[in-house]
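These numbers come from the heavy atoms of this one structure, side chains and all, not from hydrogens, waters or symmetry mates. First listed ligand is number 1; within each ligand, the first listed atom is number 1.
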Amino acid sequence: MNRSDIKSMLPDELEAALVEMGEPRFRAGQIFTWLMRGVTDFSSMTNIGKSLQMKLDERYYITSPEILRKQVSEEDGTIKYLWKLMDGSAVESVLMHYKHGSTVCVSSQVGCRMGCAFCASAQGGWVRNLSSSEILDQVLFTEKDSGTRVSNIVMMGIGEPLDNFDNVIRFIELVTHPDGINIGMRHISLSTCGLPEKIDKLGDYNLQLTLSLSLHAPDDETRLGLMPVNRRYPTQEVLDACTRYYEKTGRRISIEYALIDGVNDSNEQAEMLARIALSLCAHINLIPLNNVDGSPLRPSRRLKQFVSLLKEKGANVTVRRRLGGDIEAACGQLRKKASG
Ligand code: SAH
């Protein structure tokens with residue numbers, strides 16, 4: 001019998017499966033609790049009895065990643081994990097400590113097919129989607145290994161979350177479930193390169209999470225040079241989808257903009273960006289570009305001027321603080337090093 005992935009099941013699905021196996025409903029809650037604690041085999045579920053443990057083991061498997069590499073920043077305690085998944089694929093996550101709590105940045109795919117020019121994850125192409133349990137494991141096993149209680153999640157690791165829509169939604173349902181680790185929906189951010197149909201679909205769920213749009217350029221010409229996805233979905237279509245999203249959910253969009261030397265950092269582009277942000281009621285998060293091996297793109301030298309101009313135009317802007325600089329904690333670089 002082909003075993004299925006038990007940790008990707010929601011409690012009500014677990015319940016239905018147990019009832020079908022002739023077991024009492026309440027077992028589902030017990031099993032779910034064990035899974036959310038990161039147990040790696042059914043025999044650790046000490047309150048459910050040997051025979052049920054064995055029945056479960058015949059029908060299901062429990063995903064568990066191994067730590068392939070772990071780096072701890074001496075500067076700020078940021079921890080970067082490279083996980084080996086059960087099929088040998090590797091993905092990474094990063095644990096960052098802030099005053100308001102700890103954030104884990106998770107990957108949603110093995111590789112990525114979006115091909116952004118500045119992004120290390122794009123370089124090896126796309127391998128496969130992660131299951132909901134594999135995304136969740138990055139949170140569970142980061143908590144387990146580091147002894148830290150995670151309070152915030154950002155989907156800004158490897159992959160395009162909206163390109164793995166169903167598994168990502170299910171991951172969100174699992175991680176926010178009150179009987180599990182119960183992360184607040186408002187403590188989750190989902191970052192996308194901008195897929196309008198999927199943004200609309202996400203809007204229909206009306207979740208109170210934060211949607212971040214990786215805009216990186218205010219005009220089609222510049223954006224096309226950086227993000228091939230713009231060929232399929234021109235900037236205005238993406239922005240229109242974001243407007244609809246904001247209207248539906250009442251949640252402000254966050255615009256991510258990595259400042260690149262001589263590419264997207266002119267005064268004119270700052271003015272265009274400010275106009276876009278104001279019309280969307282969006283917040284702008286400027287990211288100092290991280291250098292990526294093999295890419296000629298360099299961080300902008302005009303960060304200060306760019307920020308002042310945005311502020312002058314009335315835009316709401318912050319500059320992302322760089323954490324884990326000494327361990328290259330950014331943007332798919334560890335996975336790339338391990339495989340190359
Ligand atoms: N696919 C999603 C999420 C993953 S990337 C997305 O495109 O949003 C998370 C963020 O890091 C995105 O804003 C992405 O554009 C940005 N990023 C990728 N490479 C970067 C680099 N070298 N320097 C700065 N930001 C980068």
Are side-chain N/O atoms of Tyr233 and Glu197 paired as donor and acceptor at under 3.5 Å?
->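 Yes.
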Looking only at side chains, do Thr192 and Glu160 share a donor and an acceptor under 3.5 Å apart?
->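 There is such a pair (donor and acceptor under 3.5 Å, judged by atom type) between the side chains of Thr192 and Glu160.
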Using the ring of each side chain (for Trp, its six-membered ring), is Phe165 parallel, tilted or perpendicular to Tyr205, with breaks at 30° and 60°?
->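 Geometry flag for Tyr205 against Phe165: tilted rings.
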Can Ala120 be said to touch ligand 1, with heavy atoms closer than 4.0 Å?
->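 Under 4.0 Å: no for Ala120.
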Gly159: heavy atom below 4.0 Å from ligand 1, yes or no?
->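 It does; at least one heavy atom falls under 4.0 Å.
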Look only at interatomic distance and state if Gly157 has a nitrogen or oxygen under 3.5 Å from any nitrogen or oxygen of ligand 1.
->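 N/O-N/O distance under 3.5 Å: no.
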Could you say whether the N/O atoms of Asn290 and ligand 1 ever approach to under 3.5 Å?
->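 For ligand 1, there is an N or O atom that lies under 3.5 Å from one belonging to Asn290.
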Considering all heavy atoms of both residues, which atom of Leu289 and which atom of Leu259 are nearest to each other, and what is their separation?
->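 Shortest heavy-atom contact: CB-O, 3.5 Å.
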For ligand 1, which atoms sit closer than 4.0 Å to a heavy atom of [X]?
X      : value
Cys193 : 6 (C), 7 (O), 8 (O)
Val292 : 22 (N)
Cys119 : 18 (C), 19 (N)

Which of the listed options, Met155, Glu256, Arg320, His216, holds the heavy atom that is closest to atom 15 (O) of ligand 1?
->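 Answer by nearest heavy atom: His216.
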Take Arg69 and Glu92 through the test salt bridge (Lys or Arg N to Asp or Glu O under 4.0 Å) and record every step on the way to the result.
-> CA-CA 9 Å; Arg69 202 161 154 203; Glu92 56 191 68; over 6 Å; no
Just by modelled atom types, is the Asp200 backbone N or O under 3.5 Å from a matching donor or acceptor in the Lys248 side chain?
->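 Yes; at least one donor-acceptor contact below 3.5 Å.
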Determine, step by step, whether Phe306 and Tyr257 satisfy the ring-ring contact (aromatic ring centres under 6.0 Å, His included) criterion, reporting the C-alpha distance in whole Å, the side-chain angles of both residues, the deciding distance to 0.1 Å, and the verdict.
-> CA-CA 11 Å; Phe306 204 83; Tyr257 198 101; 5.5 Å; yes
Side chain, backbone, both or neither: Thr192 near ligand 1, heavy atoms under 4.0 Å =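 It is the backbone that gets close, since no side chain atom is under 4.0 Å.
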